[in-house]
Every structure is written in C-alpha cells, then in structure tokens.
Amino acid sequence: MQNTISQRGQRFQFDVIVIGSGIAGLCYCLELLRLRPQAKLALISKGKLNQSNTFHAQGGIAAANSHVDVQQHVRDTLAAGDGLCDQATVSAILKQGTDSIEYLLQQGVPFDRDLNNNLVCGQEAGHAMRRIYHVGDQTGSAIIYSLIAQVKKYVNVTIFEEHTAINLITQVEQHQPGHFPEVIGAYILEEKLGIIHTFLGNAVVLATGGAGKVYRFTSNTNMATGDGVAMAYRAGARVDGLEFYQFHPTLLYHPTINNFLLTEALRGEGAYLRSPETGERFMQRYAPEKMELATRDVVARAIFCEIEKNIHDYVYLDIRHCDKDFLQQRFPMIYQTLAKLGLDLSRDLIPVVPAAHYMGGGILTDICGRTDLKRLYAIGETAFTGLHGANRLASNSLLEGVVMGRNAAQVSCQAMDAPLQFIRAVREWDSTSVVDSRRASQLSVHWRGLRGEMSSYAGIIRTEAGLRDQLKLVSARREMIDEYYWKYTITRDLIELRNIILIAELIVRAALNRRESRGGHFREDFQEKSSEMHSSESKVSCAGMTQFETSSNSKNERK
C-alpha cells in the first residue's frame, strides 16, 4: 500500500547552526557564548545529546605539559603521520595542549589525580612519554557530561535532539560561475515526526564526526555515517585524505557486542598481543623494537595478517600479568563490561579484531575550521587540517576538537556580524513522497553489502584490482540509493545510507589515486612510499556527480 505525504516542516532562524554534539561542537558553543553571550544557537544532535564518538573515547586526551615536551609531541605526531602532516598545523595545535587541559578543567572535567592532587598521565602507542590525561577509562563520557552541563546553562541555546541534517542550503551569484557557494542553512529531518525543517543561520558549523559505519567492524556509534563530509562535498567544498582511514587494533570480538573498544592504554600499560593458535607474541615479527606499542596502522595490519593466515577470526589481548586491583582501578568500565560477558581481564585472554576507528581525512579546512564555502565551518574529525597526516597519533583527536572548536568560534564572529543577504527566497522542503513499506528491508541489504565489501576491498590491505571491483560495486549502489532518495519518503536510514555510499566512493577513489603505501593506507601492490608527495583532494570526485547543487527544493527538485 502506498500513501502520499508531505514532509514540510517549520522555518527556524539562528545566528549559528551547530550540527554535531561531540567535543568539537560543544567547545564551539561554549567559546562562542563566552564571546557573544546573546548569540542564538541551534545545537543539532542526530541522537541524544550525549550520543557521540567522543562519549565513547576511553584512553584520554594528549597534551604536552612543558615546552620541551611540546617539541617531542610534535616529533611523535610527525612520525605517526608518515610524512604527510602539515608541520605548521601540528605545531599550532599541539602548542595549545596545556591551555586546552586547563580549559576542560574549568568546565568541570574531573581528570585523574594522584594522592598529592597532581594530574596523572597515561602512556599510549607512538608517544615518547606519558602525556595522556584521562578519567579512568571513561574520559570521553566525563568530558561530554561536563560540557553538556555547561551548555545547558544558556537559555539562548536551543537543543534539537534526534534531528538529522539532510543537506546544506546554499546560494551563489548567477553571474559568478565557478565561485564557491555561500552556505545559509540546512534542511533538517525531525525523526520522530518525519518532517523536514528549514534552518537558516549566519554561520553553519559541521561537527558531525567520522564515518566508521562504512566498514563491517567499527568502534564508532551507529550514527557515524560521514554526514558532514557528504553534505559539504555535495555543496562544493573540497575534501582530502579520505584514503587514510585509521583502524584501531583492538575491538572486542563478540557475537552480540559489535563496537566495544579495548583502549590502546591497555597496551600502554603492558598488554601483549598473542596468536590464538601458538600463544606467540607475534608483534616481534612485525615491529620488533616497539612491539605492541607500534603505531596503530602497524599493529592493525599485523593483526589482520595473523587473522588471514590462521583459522581464528581474532587474536588475543593478554594483560594477565598485571595486578587485578590495578586493572580494576585503571580500567573500571572495561573490567566491569567484560565481567558481565563472563571474561576476567586479569585472568582471561580477550579476543580482539581491528576496527574502523578514525576518519583521517575530511573537509579541507584551516585550524580555525574555515572551509572553501562562505559561512561554513568544519571542526573535529569532520575536518582535514593536516594534523594527522597519513595516520593519527593516539589521543590527538580530542585535543584537536577542543582547539578547533574554540578557534572556529573566534573567527565565525565575523560571519555573525555580516547579516544574510538572500539572493532569492529560500523555499521550504516541498516534496511529496511515496511511502513504500518494503524499502526498509531493502535498505538493510545495502548496508550489509556495502560494509562487507568495503572491509574486503578497501579496508586495512588494498590492491588495485580489489579497489576497481569495489568502485564498480559502490557506484552501482549509489545510483540505486539516489533513485530511492528522489522517489521515496526521507528517513534517517535513507539519509545515512546516501551519505555513507558517497563516503565509500570517495575513499575508494582516493585509495586508487594513491599508488603507494603510507600510514593508514596500505597498497599490497605498491608497498613502498612514493617520493612524490601529493594530495588526493584535487583528483577525488565521483563520476556523474554535479559538484555544485542548487538550493531549490520542490517536488521534482529535492535537495
């Protein structure tokens, strides 16, 4: 049975529209309100306000605590980035480490302290010393709860939970072909009611996180579908670095729990990786000097290779040699979660697999989040600044979120001071759609197929032949999903699938373009590093896709 409905919602106007409620988006809000206490903000959260990747961050936030350590932190970051970091960006962001920790303390984040009330730091792979500030193994949730509490003190912040951004609203002067558009708002789906609102603002901030759901195994929430990158790309912004998807080496391998991460801090505190067949510490064959503390790309690839040649679908994480009381105190959430599953961290070998963890690429920005498009800012994991290069150093991402959020707030005041001048009237969402009850099950098939294909052909180890096969598959899927988008009722599942299909194609095209192995991008057919340092953004495009979409929206012309 088919029913025709209209999804038109209301029109809202704010000074700034912030899409995403992780550490970057919340820090942006707080800094902007410090600078402009009367600013009217819309804070858009796809799920509940605390449902972000930041919330699930276990290890902590990296920050050097001395001038000497800042220089070492820079060296560690450049080494992890495998030659593709922007050194000026690295220095500029890492120099703000101490200030960022102080800022979070002021917001009420209860970082761990010793008996003398001094802040304590943990060790993680790739870091030359202990510089990871943490709250047990629940650092992300502690940060998010503290920041949310501060944001909720402001009555001029309107929070829209369970609202999903569909597309950016843009305008461009007709007599200026080729000029980048100006972003003036976004169409937002209110999931519970199934209606689509028109949000207008002097500035739009994308803080939508990563896209881990493009792969079968991921540490990300189910909402990590690359929405910000997809929307910005469709609007005409450049993207870069999407071939560098970082896989975390140790996700719990379990039949029902699909995204429980075992923090890198476990290996920082001495955990081993063992073969499930021989019990061997196999990292001695892949990184004999650093062993389990090699960078994530090296460890993830080693685990992947071990799984490929053995009968088991996992390897073991072993920290049984550490004191039980220490493990319960240092990793309380992990210890308790495993105990509920019948696993004792102090006695049992824990099965783990690599999983998509961090989107190394994103929307091309500076360290203040400025994009190609006027009035559009991108911050945190959604942005590509050059900080991480080819491979992110552990726990640098939360620091990047704080720094970029605060920086973007300062520069976006200029957009707030420049009132919107509408070239033409902005139209509400004005489509009628056909409800087809079979579409839900058919979309699920696309999800399962895409994630499996990306893991096999464009995951930890890649080849030219596999990437070309995947490009054919993902292009065919994108064509079908675009047809669904134009014909059927807009749902969150359809929005996410449309976005993740685009992200998948961008990843594959970028991976094909980079004919070398570097950082998180490993080509089995091009295992050496190229002497030609190049960027992927200028060559990344999707065949058949119009780079600039209009902002009109009618029955036959849906944004």
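This one's a predicted model, so the numbers in the text were calculated from it and none came from an experiment.
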Nearest atoms (heavy-atom pairs only) where M404 meets A378: CE-O, 3.5 Å
Test item: side-chain donor near acceptor, S219 and H248, under 3.5 Å: no
Distance-only donor-acceptor check, side chains R375 and N202, under 3.5 Å: no
Residue pairs involving residues 34-44 (criterion side-chain hydrogen bond (donor to acceptor under 3.5 Å, both in side chains); sequence neighbours excluded): E31-R34, R36-D417
Show every donor-acceptor pair shorter than 3.5 Å between a side-chain atom in residues 382-390 and any protein atom, with sequence neighbours excluded, or say none if there are none.
unit_1	atom_1	unit_2	atom_2	d
T382	OG1	T208	N	3.1
T382	OG1	T208	OG1	3.1
T382	OG1	G209	N	2.9
T382	OG1	G209	O	3.2
T385	OG1	L387	N	3.1
T385	OG1	E400	OE2	3.3
H388	NE2	Y358	OH	3.2
H388	NE2	E400	OE1	2.8

Value rounded to 0.5 Å, distance of OH in Y245 from CG in D297: 15.5 Å
Sequence-distant partners of A511, side chain to side chain contact (heavy atoms under 4.5 Å, CB included), two or more places apart: E243, R462, L467, H521
Polar contact flag, side-chain donor to acceptor under 3.5 angstrom, Y28-S412: yes
Contacts of R451 that satisfy salt bridge (charged side-chain N to carboxylate O under 4.0 Å, His left out) - sequence neighbours left out: none
Test: R406 cationic atom under 6.0 Å from Y103 six-membered ring centre, within 45° of axis: yes
Under the salt bridge (charged side-chain N to carboxylate O under 4.0 Å, His left out) test, residues paired with K153 that sit two or more places apart: none
Distance in Å, T54 OG1 paired with E381 CD, rounded so as to fall on 0.5 Å steps: 8.5 Å
Side chain to side chain contact (heavy atoms under 4.5 Å, CB included) against N50, all qualifying residues, sequence neighbours excluded: K48, F55, I144, Y145, I148
Side chains of T225 and D227, donor plus acceptor under 3.5 Å: yes
